[in-house]
Amino acid sequence: MVIQDSLFFLILSDSLPTDKLLYSDKRDNCCIFLNLGETIPGIRYLFLALEPKFWETCPLCAPQMIEAVSLMGAAVCPSEKIAQKVYTLSSKISVEYQAKSQAYFFFRYSWIAELLLHIVNAAESMKQEEILDSDIREVIQFLGENYTKKISIDMLSEQFYISKYYLMHRFKKVTGCTIHNFILNKRICYACVLIKSGRTLGEACYLSGFTDYSLFFKSFIKIMGISPSQYSKEIVA
């Protein structure tokens, strides 16, 4: 889907436009990329290039777009809802463009302005996601430095001033695993290092943060696929 107007250039496709296509008409004053993700089959990317004179015709969003463009960079659209809105409006513009309708002639710039609002909202959502993720990165760093110690959700919640339910939900969204499993993986990996260095299985268990050998044994098998003793024998062999 390609729309070429006097003041803007819009593409919806399953791959990013080539450099030759992007810059052949020197329409690079304000270039916006948006990765729509897997929401719309066959359509992955939106590319919108705005001519300098566009802002004279449609000044709406001009200041916000400067920041939005710096945040986008083909980043994945933060929600299916925004991606669907962007796609639906872009498709509408394309249909009217292909039909050379009067509606397109009269409303094309207001439609692009509406599209820009969706893009600004997407950029603001991504910015908010980055702020939220920065809190989780602090938690991850803390766990990476203290996983051998006794750690609880309540303790993390108090230390980082985050609701424990929100913390658990956000942590899993960012890392792909629960806090409990994150700690277990760190401990087992460290236990493996200890075993390789010549420590006994009991020492590896307690030095890596476990207080119960039975839990250590079950966790080791779950993560490594073999028992601690089997792992130790393989290292020696």
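Bear in mind the structure is a predicted one, so any value in this text is a computation, not a measurement. Worth knowing before you read on, the calculation uses all heavy atoms, side chains too, and leaves out hydrogens, waters and symmetry mates.
Checking each of F182, F160, F171 against F142 for a ring-ring contact (aromatic ring centres under 6.0 Å, His included) leaves exactly one that passes, namely F160.
Taking 4.5 Å as the limit, every side-chain heavy atom of I195 sits out of range of all side-chain heavy atoms of Y190. Residues K164 and D154 form a side-chain contact, since some pair of their non-hydrogen atoms from C-beta on lies under 4.5 Å apart. Annotation: side chain of I179 is in contact with side chain of L156 (closest heavy-atom distance under 4.5 Å). Side-chain contact check for L10 versus L46: some heavy-atom pair is nearer than 4.5 Å. At a threshold of 4.5 Å between non-hydrogen side-chain atoms, the residues L48 and L116 count as touching. The shortest distance between side-chain heavy atoms of M224 and I188 falls below 4.5 Å. Using a 4.5 Å heavy-atom threshold, the side chains of L194 and E203 count as separate.
For the atom pair CG of L167 and CD1 of I162, the computed distance is 5.5 Å after rounding to the nearest 0.5 Å. Rounding to the nearest 0.5 Å gives a distance of 6.0 Å between CG of N181 and CG of L184. Taking NZ of K85 as the start and OG of S90 as the end, the distance is 13.5 Å to the nearest 0.5 Å. Considering OH of Y206 and CZ of R199, their distance stands at 15.0 Å, rounded to 0.5 Å. Rounding to the nearest 0.5 angstrom, the gap separating the CD1 atom in I151 from the CZ atom in R187 is 6.5 Å. Between the CZ atom of F217 and the SG atom of C205 there is a distance of 11.5 Å, given to the nearest 0.5 Å.
One N or O on the side chain of S219 and one on the backbone of L215 form a donor-acceptor pair closer than 3.5 Å. The closest donor-acceptor contact from the side chain of E158 to the backbone of M155 lies at 3.5 Å or more, if one exists at all. Side chain of S91 to backbone of Y87: a donor-acceptor contact under 3.5 angstrom is found. Of the possible polar contacts, one joining the Q230 side chain to the S227 backbone as a donor-acceptor pair under 3.5 Å is found. A donor-acceptor pair under 3.5 Å is formed between the side chain of R108 and the backbone N or O of F105. Of the possible polar contacts, none joining the S232 side chain to the S229 backbone as a donor-acceptor pair under 3.5 Å is found.
Dense packing is recorded around CD of E145, with more than 12 heavy atoms of other residues, nucleotides or ligands lying under 6.0 Å away. For Y147, the OH atom is densely surrounded, since the number of other residues' heavy atoms within 6.0 Å is greater than 12.
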Would D5 and Y109 count as a side-chain hydrogen bond (donor to acceptor under 3.5 Å, both in side chains) here? Give the steps.
CA-CA 10 Å; D5 191 89; Y109 297 134; 2.9 Å; yes

Stepwise side chain to side chain contact (heavy atoms under 4.5 Å, CB included) test for S94 and L12:
CA-CA 10 Å; S94 176; L12 277 173; over 6 Å; no

Evaluate the criterion side chain to side chain contact (heavy atoms under 4.5 Å, CB included) for residue pair C192 and F220; output intermediate values, then yes/no.
CA-CA 9 Å; C192 289; F220 199 101; 3.8 Å; yes

Stepwise, does the side chain to side chain contact (heavy atoms under 4.5 Å, CB included) test hold for K222 with K218?
CA-CA 6 Å; K222 181 179 179 180; K218 292 177 182 178; over 6 Å; no

Using the side chain to side chain contact (heavy atoms under 4.5 Å, CB included) rule, take I221 and I226 through it: C-alpha gap first, then chi angles, then the decisive distance, then the call.
CA-CA 5 Å; I221 292 178; I226 57 177; over 6 Å; no

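Residues satisfying the side-chain hydrogen bond (donor to acceptor under 3.5 Å, both in side chains) criterion with N146, sequence neighbours excluded, are K149.
Taking the six-membered ring where the residue is Trp, F47 and F9 present perpendicular rings, their angle passing 60° and hence far from 30°.
Contact record, R170 with I136: CG-CG1, 3.4 Å, taken as the closest heavy-atom pair.
Taking the centre of each ring, F216 and Y213 come in below the 6.0 Å mark.
The hydrophobic cluster containing V95 does not contain F8, counting ILVMFWY residues as joined when their side-chain heavy atoms lie under 4.5 angstrom apart, directly or transitively. Under the 4.5 Å side-chain contact rule for hydrophobic residues, Y161 and L143 do not share a cluster.
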